[in-house]
Structures are given as C-alpha cells and as structure tokens.
Amino acid sequence: MRAALALLPAALLALVLASPAAALTADEMYEADAVVVIDLQLPPASVAALEAEPEEYVEGTFSLAPTDGTPGGVGEFTAPLTAGIRLKGDSTFRDLGGKAAFKVKFNEFVKGQRFLGLKNLTLNNMVQDPSMVHEALAYAAFRAAGVPAPRTGYADVRVNGEEFGVHLNLETLDDVFLERLFGSFEEPPQHLYEGAFEVDVLPGEAGEFEVDEGEEGSRSDLEALIEAVAATSPGFSDRVAGLADLEEMTRMWAVERYVGHWDGYSTQPHNYYLYSDPLGEFQMLPWSTDQTWALPQLGFGPPGAALFESCFADSACRSLYIDALRGARDAVTGLDPGTEAQQLAALLAPWQQLEEAPRKPFGPAEIAAAVDGVGQFAAKRPPALAKFLGEEEPPSDGNGSSSSAPLAGGQPPGLSRRLSIDRSRLGRGLLLLRIDAPGPATIRLAAHIATARGKAGACSTARTAVRAGPLTFRCSLSPLVRRHLSARWLQLKVRIVLELPTGAVATANRAIRLPQIGEK
C-alpha cells in the first residue's frame, strides 16, 4: 500500500487519505509494508479496571487512520467505535505504564459490530524482538510454504493521546480468519483450540486446551486425536489418518525449525493452534513467532513435542517432513529475509523515533544489530539443512538466499495436461489438486460447473511455487457444488493462470470428472 500511495499525485493522495471508507480495506491493512495509526480512548473507570484485571475487556473507543507509510502522511481517522479493549501477553506483558500490547474486540459491547469485516484486532508490542521484523517475516515464511498463517501489518498505537509506539498489527485467529483461509462449509468447523505452554496432545490434557471457536463442552475431536497418538498400532500415519493432516502439519514444523522458532510447537510445545474441520481432521497453525531468525541455530530433528516425535519415528511421516524441510528452505529463499528485514526496518525507523521511555524498549544500535542478524541467520540455514539431509551444500549469495537457475526465456512453459486429484476429500467439501509447477511462478486456479442457470463458481485459490515440482492446491468447494455432488457426478471446468516472476502469463483450461460423494 505504501508503494502504491507514493505514486499518487499530491492532490489525489490527499483525497484518498481524507476518505477513510475508500482508503483502506482489511487486505490493505495487512500488507507487509502497511502502517496505520490506531487511537484508543479509555475513560478513567476503564483504566482502573485494566490495572486491576488487565485481561478482562473494558469499554473504550477505537478509531484508525491510514497512512502513506510515514508519520507525516497520516490520513483522517475513522469515526470512533465503542469496542472492548484489554491488555495481552505472557512474558511480553506490559501494563499501561509501559509499552502495553492490546486486544480489541469490536462486538464486545455492540452486538454484531465489525470493523473492515473484522471482529478482533491483535496488537503485539514486540518488546522481546529488537528488530521488530521477526514476526512479520516468520508468518510470511509460513504462508509461502503453504501453512495457514495470519497476515501482518504495523500500527502506531496511541492511548488517550499518549504515544504507545510501534506494534505488530497481527490478524486474529478467529472464525473470520478461519472462513477466509478455509472457506465456508455447510457444517461449521468443530473447533479452534489454543495450545498453552507445555500442553500437548497427550492423555489427560484435552481439558488444558483453550477453546477459541466451537463448543466448549464437547472435545471429542481432540480426544480422538489424543487417543490415536497414544496408541501403539498400527503405524503412526495410519493411526491418525483422517484425524491429522500430516502434509500440512509437517510443513508447519519444517518452517518452525527452519526459521528457528524454538518457542513453537515442534520443540516445546507452545504457541500453536489446532483447527478441526467439520469432519474432525486437524491442521496446526503457528503463533507468537517473535523468537525466530536469531542464533543459536535450531536443529531439524528430535527431541520435540509428541506429534513431531511420533512423525519422525514413522517412515511415511518422516518422508513428508523431509520433503517439507526442502520446501521450507525454498520458500524462505524466495522471501530473501535479509533484504526484506532491511526494507521493513527502514519503514519502521521514523515511527520508532516517536517512541519515548518507558515505551521505547530498544535504541537504534540494538535495532540495527538485530535486523542485521536476520540476514546472518538466514545465510546459515541452507548449509545447516544440507548437512542434516546429507546433501551437497547449496551455493549462497551471502544474503541468506541460495542461487538457482532462472527459467529460460520470457514465455511461461506449458503446464502438465494431467491434474492429480485426491477424491477422498470431496465428501469433506475439499478439492485437493496437484499441479506440476514448471518453476518459480504464481499459479491461480478457478473452477466452475455448468448449471441450468449458467456457470456456478466451485472454488478458487492461488499458490506461489518457488521451484519446479508438484504443488498441492487446497480448495473449499461451494455449498452448491457439494449439494450437486451428493446427488450425481459433476464435470468441473478448471482455469489455471500461471504468472512468471518476469510478468509473462500463460493460461490453461482443464476438465475434471468429480465422482458422486460416496461413489467408489
């Protein structure tokens, strides 16, 4: 957003910044280089309540202004909304006398109220990360590797007119987030569980998980997963089939280890969510990624948490994990974290200058050293992984990026005629397709069926390939298509758009026969 605004003529820029309804969307707010200003107003009674019970929501008002990325380019604030506001954090907790972190809940006091379609905002104070870029880069790595993960932007937070400093504006994991990532189902997802410190999928620990979405009183989905993990036969992959999406989970653990997230699930366990779809199959989502991109290096194998160790001991799951490690390496290489860290640091520098003690946790030298450390850490990961895998060490450009040959020419190569389909997931409303990516490219997929009233959208999704090879697309089928599939087979028309880093574009159309749900 910042780059786009910078290109606007001054008169038009002033108009955009003065029109809050048209100036910002949730997608724009969660761009990596977006900075907004958030104004929170707390009456004396609410301040006193937060001092007594900091994790209980109190009534206040919220308003937001877009910016052009600089403190001098702040637009008009939105009309104040009554909202629930509380403090957050464990080891990062600070009270209102310091650089506090906040949760904002828009429907706490006004039923059904949303802001930009959102129910909640999470504002992290980044007091344990001098670089202030670790979280943004880590979540970007998860997303690039195909792991469901929140989006990020930045916010300069002010409370009752006082400067509280730069915060990470982190997308909240709630039902709005789940629908954006996984689509809507005829039946709602069963649960979103939050895993606390050292709480794992072990016998007797189901009640220790916090239920963020779903029925509090019923945890049969989680108990089924715990029972399967604790069993001794058959093999681990077979025991958890239909209960744990190991392809997704191994991608998450691989990224955790690759970016050095020692405070995440695969090591502690800590800072993770378990998402249970309508049929009770779990995926794992990352959280609280500030302890990343820093020495000492984190290993790639055990010891670790229960699911991770069980996977590593099982040949089929370990193979998935090894492939996921290579995918994590390629995803991080494509991000170029060293360069991205420097660019984000330049964006944040003028905002950090607004911070004053006791809400200024780091000085310029400490910040600069931590930002430089990101590139130094990233440069060490490809050879460390090569050693773990017993592979030849990949060449590096010295900035944490392994070199690779670009695609020849400017025209996109052709896509494979054949699409690989996992038909076993159709009954769950999921279309899983594997497409052979010809090399680094962004691939967009849109599918429809023909009905008596014309075309009806089935699903759409997109992924970025960082190398040649198979790429899995997870697409949630529309309720209409699911209803049709319960009665008969369908022909699905799929349009694939491939865009190279050079900007060259190619398209392809494929037809797929989807069997009736339950048909062998």
Side-chain angles (χ1 to χ4, degrees), residues 26 30 55 57 84 86 88 90 103-108 114 117-122 124 135 138-139 142-143 146-152 170-202 205-226 228-229 240 242-249 251-253 255-256 261 264-266 268-289 305-307 425 428-430 474 476:
Y30 288 127
E55 294 190 357
Y57 283 103
R86 71 170 178 86
K88 69 175 294 287
D90 293 321
K103 286 271 194 179
V104 180
K105 191 172 185 178
F106 295 110
N107 62 352
E108 179 71 11
R114 296 193 182 192
L118 304 171
K119 290 182 178 178
N120 301 282
L121 285 185
T122 297
N124 287 351
E135 292 174 271
Y139 288 120
F142 282 110
R143 295 193 303 269
V147 178
R151 300 170 293 177
T152 65
L170 177 63
E171 186 176 17
T172 305
L173 272 60
D174 57 16
D175 59 341
V176 175
F177 166 86
L178 294 177
E179 184 169 345
R180 183 183 70 80
L181 262 292
F182 301 107
S184 57
F185 296 91
E186 289 184 0
E187 298 179 13
Q190 295 197 29
H191 286 100
L192 179 67
Y193 296 102
E194 183 175 355
F197 179 60
E198 293 189 343
V199 172
D200 206 347
V201 286
L202 297 172
E205 295 195 12
E208 300 299 316
F209 285 81
E210 182 177 340
V211 176
D212 282 15
E213 297 292 341
E215 293 292 331
E216 176 74 35
S218 173
R219 303 187 181 208
S220 58
D221 52 350
L222 182 57
E223 290 165 350
L225 177 63
I226 290 173
V229 173
V240 300
L243 298 174
D245 184 345
L246 292 180
E247 185 177 343
E248 185 276 333
M249 288 186 178
R251 289 198 300 269
M252 175 176 147
W253 304 333
V255 176
E256 279 191 333
H261 187 23
Y265 175 78
S266 63
Q268 295 275 21
H270 194 204
N271 293 320
Y272 69 101
Y273 284 80
L274 284 169
Y275 160 71
S276 172
D277 74 12
L279 293 183
E281 183 177 56
F282 281 92
Q283 293 190 53
M284 189 173 284
L285 286 64
W287 194 244
S288 193
T289 61
L307 282 166
R425 305 290 185 94
R428 303 177 188 181
L430 296 175
R474 185 183 180 96
S476 297

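When reading the values below, keep in mind they use all heavy atoms of this one structure, side chains included, and skip hydrogens, waters and symmetry mates. The structure displayed is predicted, hence computed values, not measured ones.
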J.: When rounded to the nearest 0.5 angstrom, what is the spacing between NE2 in His270 and CD in Glu198?
T.: 9.0 Å
J.: Less than 4.5 Å apart, any side-chain heavy atom of Gln283 and any of Pro148?
T.: yes
J.: Which atoms form the tightest heavy-atom contact between Ala306 and Tyr265, and what is the distance?
T.: N-OH, 3.5 Å
J.: Let me confirm one number: the NE2-OG distance from His261 to Ser288, rounded to the nearest 0.5 Å.
T.: 6.5 Å
J.: Between Arg180 and Glu171, is the closest basic N to carboxylate O distance under 4.0 Å?
T.: yes
J.: Taking side chain as C-beta onward, heavy atoms only, is Leu178 less than 4.5 Å from Leu192?
T.: yes
J.: Step by step, work out the side-chain contact (heavy atoms from CB on, under 4.5 Å) result for Asp174 and Glu213.
T.: CA-CA 7 Å; Asp174 57 16; Glu213 297 292 341; 3.5 Å; yes
J.: With side chains defined as the heavy atoms from C-beta onward, is the minimum distance between Asn107 and Lys105 less than 4.5 Å?
T.: yes
J.: Arg143 side chain to Pro150 main-chain N or O, any donor-acceptor pair under 3.5 Å?
T.: yes
J.: Would you name the heavy atoms of Lys103 and Thr122 that are closest together and state the gap between them?
T.: NZ-OG1, 3.1 Å
J.: Is it the case that Arg86 places NZ or CZ above or below the six-membered ring of Tyr57, under 6.0 angstrom from the centre and within 45 degrees of the axis?
T.: yes
J.: Do the side chains of Val147 and Leu285 get nearer than 4.5 Å, heavy atoms only?
T.: no
J.: Could I get the full list of side chain to side chain donor-acceptor pair (under 3.5 Å) partners for Gln268, not counting sequence neighbours?
T.: Asp263
J.: How far apart are the closest heavy atoms of Ala305 and Pro269, and which atoms are they?
T.: CB-CB, 3.8 Å
J.: Does the side chain of Asp212 come within less than 4.5 Å of Tyr273's, by heavy atoms?
T.: yes
J.: Is the shortest heavy-atom distance from the side chain of Glu281 to the side chain of Leu243 under 4.5 Å?
T.: no
J.: Answer whether the closest heavy-atom distance between the side chains of Val201 and Leu274 falls below 4.5 Å.
T.: yes
J.: So does Lys119 get a backbone contact from the side chain of Arg114, meaning a donor-acceptor N/O pair under 3.5 Å?
T.: no
J.: Please report the shortest heavy-atom distance between Leu279 and Gln190, naming the atom on each side.
T.: C-NE2, 3.6 Å
J.: Counting C-beta onward and ignoring hydrogens, is there a side-chain heavy-atom pair between Met284 and Glu248 closer than 4.5 Å?
T.: yes
J.: To the nearest 0.5 angstrom, please state how far the CG atom of Leu222 sits from the NE2 atom of His191.
T.: 8.5 Å
J.: Does CD belonging to Glu215 count more than 12 external heavy atoms closer than 6.0 Å?
T.: no
J.: Supply the atom-to-atom distance Glu210 CD to Glu194 CD, rounded to the nearest 0.5 angstrom.
T.: 5.0 Å
J.: Go through the steps for Leu121 and Phe106 under the test side-chain contact (heavy atoms from CB on, under 4.5 Å), then give the verdict.
T.: CA-CA 8 Å; Leu121 285 185; Phe106 295 110; 3.9 Å; yes
J.: Indicate the atoms forming the closest heavy-atom contact of Pro286 with Tyr139, along with that distance.
T.: O-CE2, 4.0 Å
J.: Does the pair Phe282 and Leu307 meet the rule for a side-chain contact (heavy atoms from CB on, under 4.5 Å), with working shown?
T.: CA-CA 12 Å; Phe282 281 92; Leu307 282 166; over 6 Å; no
J.: For Phe209 versus Asp200, what's the shortest heavy-atom pair and its separation?
T.: CE1-O, 3.6 Å
J.: Verify whether one side chain among Glu135 and Asn124 offers a donor that lies under 3.5 Å from an acceptor in the other.
T.: yes
J.: Is the distance from the ring center of Phe182 to that of Tyr275 below 6.0 Å?
T.: yes
J.: Would Phe142 and Thr289 satisfy side-chain contact (heavy atoms from CB on, under 4.5 Å), going step by step from the backbone distance to the final call?
T.: CA-CA 10 Å; Phe142 282 110; Thr289 61; 4.0 Å; yes
J.: Counting only N and O atoms by type, is there a donor-acceptor contact under 3.5 Å from the side chain of Arg151 to the main-chain atoms of Tyr30?
T.: no
